[in-house]
Amino acid sequence: MKSRLLLAVALIALAGTASAQVKPEDAIKWRQSGYGFMAWNMARIKANVEGAAYNKEEVVKAANAIQAIANSGMGALYLPGTDKGTGWEKTRAKPEIWTEKEKLGKAAMAFNAEANEMAKVAAGGDAAAAKAQFGKLAGTCKGCHDDFKIKD
């Protein structure tokens, strides 16, 4: 038991060290990649719920991918020094991400809740319910973009 506790403490310490050693440009790249991957999966769901043919398996796969990223802790990629800089491209994060933490937290929690619900609804196979839930999920994306993303 004591060795397991020591191992757990060591892993926690290493995790903290690893995140502290992340280069700002890498953190920006990783979060840009995560958001890009989510956008692709949102497009997959949209094509199914707004198109003529509904493919439950495609919606489930896309919803599960979004859910996984939503619950992955991407907030940890908003490290000091990542407010400006370049990942794959120049960051479009607004300064408010670092100053309006409570508002950002609420937006993130709303997105996570809707992403989790999207995965549940998708598994049910009801196209109309998936379309309704997709609207709720997309609304949380738009709200965060409006408040925390610099427009192109």
Side-chain angles (χ1 to χ4, degrees), residues 8-9 11-50 55-152:
V9 170
L11 288 174
I12 291 168
L14 286 173
T17 303
S19 67
Q21 294 176 357
V22 173
K23 295 177 186 173
E25 61 270 17
D26 287 339
I28 295 169
K29 280 182 184 179
W30 296 336
R31 69 183 190 227
Q32 288 172 343
S33 296
Y35 290 126
F37 187 64
M38 280 194 289
W40 172 58
N41 283 285
M42 290 290 288
R44 290 170 65 193
I45 295 172
K46 184 177 181 178
N48 276 276
V49 300
E50 293 183 358
N55 183 326
K56 175 188 172 188
E57 290 76 26
E58 278 298 302
V59 174
V60 167
K61 286 188 275 185
N64 288 343
I66 293 166
Q67 179 187 38
I69 293 174
N71 292 288
S72 70
M74 278 187 49
L77 296 174
Y78 288 90
L79 302 167
T82 64
D83 55 331
K84 297 177 181 71
T86 302
W88 301 114
E89 60 185 27
K90 184 179 177 187
T91 185
R92 291 180 284 166
K94 285 183 176 179
E96 289 81 0
I97 285 179
W98 288 268
T99 60
E100 297 182 18
K101 299 245 183 219
E102 187 175 328
K103 185 176 182 179
L104 178 63
K106 286 180 182 179
M109 287 176 56
F111 172 72
N112 287 10
E114 297 301 345
N116 290 334
E117 188 63 23
M118 184 75 235
K120 287 179 194 172
V121 170
D126 181 328
K131 183 175 184 174
Q133 182 56 35
F134 176 73
K136 293 176 186 177
L137 176 60
T140 64
C141 294
K142 182 183 181 326
C144 198
H145 288 198
D146 289 348
D147 292 337
F148 299 109
K149 182 179 178 187
I150 296 169
K151 309 292 185 256
D152 292 330

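Quick caveat: nothing in here was measured; it's all calculated off a predicted structure.
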Is any side-chain heavy atom of [Y] closer than 4.5 Å to one of [X]?
X      : Y      : answer
Cys144 : Lys149 : no
Ile66  : Ile69  : no
Thr82  : Arg31  : yes

Identify the two heavy atoms, one from [X] and one from [Y], that lie closest to each other, and give their separation to 0.1 Å.
X      : Y      : answer
Ile45  : Ala62  : CG1-CB, 3.6 Å
Leu79  : Ala27  : CD1-CB, 3.9 Å
Gly124 : Lys56  : C-CE, 4.5 Å
Ala70  : Ala115 : CB-CB, 3.7 Å
Ala93  : Ile150 : O-CD1, 3.7 Å
Phe111 : Met38  : CZ-SD, 3.5 Å

Out of curiosity, [X] [atom1] to [Y] [atom2], how far, rounded to the nearest 0.5 Å?
X      : Y      : atom1 : atom2 : value
Lys46  : Leu137 : NZ    : CG    : 12.5 Å
Lys29  : Leu77  : NZ    : CG    : 13.5 Å
Met118 : Asn64  : CE    : CG    : 10.0 Å
Gln67  : Glu117 : CD    : CD    : 10.0 Å

Looking at residues at least two apart in the chain, or sitting in another chain, which of them share a side chain to side chain contact (heavy atoms under 4.5 Å, CB included) with Glu58?
->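 In terms of side chain to side chain contact (heavy atoms under 4.5 Å, CB included), with neighbours along the sequence ignored, Glu58 is linked to Arg44, Asn48, Asn55, Lys61.
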
Is there a donor-acceptor pair closer than 3.5 Å between any side-chain N or O of [X] and the backbone N or O of [Y]?
X      : Y      : value
Lys131 : Glu50  : no
Gln133 : Ala122 : no
Asn116 : Asn112 : yes
Lys151 : His145 : yes

With sequence neighbours excluded, give me every ring-ring contact (aromatic ring centres under 6.0 Å, His included) pair touching residues 69-97.
-> Tyr78-Trp98

Evaluation steps, side chain to side chain contact (heavy atoms under 4.5 Å, CB included), between Tyr35 and Met74 = CA-CA 9 Å; Tyr35 290 126; Met74 278 187 49; 3.6 Å; yes

Side chain to side chain contact (heavy atoms under 4.5 Å, CB included) between Phe134 and Val121: does it pass, once the steps are laid out?
-> CA-CA 9 Å; Phe134 176 73; Val121 170; over 6 Å; no

Crowding at CD, Glu89 (>12 non-hydrogen neighbours, <6.0 Å) |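 Counting neighbours around CD of Glu89, more than 12 heavy atoms of other residues, nucleotides or ligands fall under 6.0 Å, so yes.
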
Glu102/Lys106 ion pair, N-O < 4.0 Å = yes

Note: Lys94-Asp147 ion pair, threshold 4.0 Å (strictly below) =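 No, this pair does not count.
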
